> 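Before anything else, here's the structure in question.
Keep in mind that what you see is a predicted model, and the values were worked out from it rather than measured.
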Amino acid sequence: MYFSDKVLIVEGKTDKRRIEEVLIEPVQIICTHGTMGISKLDEILDELNGSDIYILSDADKEGRNIRKWFKKHLSESTHIYIDPKFGEVGRCPRDYLANLLMRHDFYVDTSLIMKGKFSNDERTKDNRYYQPYSI
């Protein structure tokens, strides 16, 4: 049971584990396992139930193909892009992912927030990001 109206779609289990290390809110994370097809898309669409959909795929050919599928069949989804230098979501540093997800209004572990070019100082002043998420 998820108490959030957010769904995050990633490619694989490594990506999912890395994201779970950063998030402090319950978010449904769906793995595509690196491939997309009509049956897989139908499966995913059945699970969405009017939620806010975020696509976070790797910066490679497979990731671009998955994005194309969702742009075509689920145009209201929000696409989150990682820096191509990391290549895969599962290889992104935790502090980088925390900042990236925070910019898209996810609640993250603020001990991971780094200062500098990836930070958003206005958001770090907002207390809701410093408070642990409680159910």
> If you measure from CD on E11 to CD on E62, what distance do you get to the nearest 0.5 Å?
7.0 Å
> At their closest point, which heavy atom of I24 faces which heavy atom of V108, and how far apart are they?
CD1-O, 3.4 Å
> If you measure from OG on S57 to CD1 on I66, what distance do you get to the nearest 0.5 Å?
6.0 Å
> What distance separates H33 NE2 from K16 NZ, expressed to the nearest 0.5 Å?
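H33 NE2 to K16 NZ: 8.0 Å, rounded to 0.5 Å.
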> Just jot down the ring pair (Phe, Tyr, Trp, His ring centres under 6.0 Å) partners of H73, sequence neighbours excluded, or say none.
W69
> Is there a side-chain contact between V27 and V7 in this structure, where contact means two heavy atoms from C-beta onward sitting under 4.5 Å apart?
no
> Check A59 against P84 and note the closest heavy-atom contact, atom names and distance.
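Here A59 and P84 meet closest at CB-CA, 3.8 Å.
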> Tell me the closest heavy-atom pair linking D60 and G63, and the distance in Å.
OD1-N, 2.8 Å
> Please report the interatomic distance OG1(T32) to CD1(I9), rounded to the nearest 0.5 Å.
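Answer rounded to 0.5 Å: 8.0 Å.
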> Quick one: side-chain contact (heavy atoms from CB on, under 4.5 Å) partners of K72, sequence neighbours excluded?
none
> Would you call K6-E25 a salt bridge at under 4.0 Å N-O?
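Yes, K6 and E25 are salt-bridged.
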> Would you say that I19 contacts L8 through its side chain, given a criterion of any heavy-atom pair below 4.5 Å between the two side chains?
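Yes - at least one pair of side-chain heavy atoms lies under 4.5 Å apart.
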> Holding to side-chain contact (heavy atoms from CB on, under 4.5 Å), I want the full list of residues that pass it with T78, two or more places apart in sequence or in another chain.
Y54, H104
> Hey, could you give me the OG/CD1 distance between S75 and I53, rounded to the nearest 0.5 Å?
12.0 Å
> Look only at the side chain of Y96 and the backbone of D83, and say whether a donor-acceptor pair between them is shorter than 3.5 Å.
yes
> Show, in sequence, the C-alpha distance, side-chain angles and deciding distance for L56 and D15, and conclude whether the side chain to side chain contact (heavy atoms under 4.5 Å, CB included) test is met.
CA-CA 9 Å; L56 180 58; D15 301 339; over 6 Å; no
> My understanding is that only residues two or more places apart in sequence, or in another chain, count here; which of them pass side-chain hydrogen bond (donor to acceptor under 3.5 Å, both in side chains) with S111?
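Residues passing side-chain hydrogen bond (donor to acceptor under 3.5 Å, both in side chains) with S111: D109.
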> Please report the interatomic distance CG(L101) to CG(L23), rounded to the nearest 0.5 Å.
5.5 Å
> Holding to side-chain contact (heavy atoms from CB on, under 4.5 Å), I want the full list of residues that pass it with R94, two or more places apart in sequence or in another chain.
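With neighbours one apart ignored, the set is R18, E21, V22, L112.
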> Under the salt bridge (charged side-chain N to carboxylate O under 4.0 Å, His left out) test, which residues partner E20, sequence neighbours left out?
none
> Decide yes or no on side chain to side chain contact (heavy atoms under 4.5 Å, CB included) for M102 and Y107, but give the supporting numbers first.
CA-CA 6 Å; M102 190 174 78; Y107 292 90; over 6 Å; no
> Please name all residues satisfying side-chain contact (heavy atoms from CB on, under 4.5 Å) with K68, sequence neighbours left out, ordered by chain then number.
N65
> What are the two closest non-hydrogen atoms of H79 and F70, and how far apart are they?
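Of all heavy-atom pairs spanning H79 and F70, the closest is CE1-CB, 4.1 Å.
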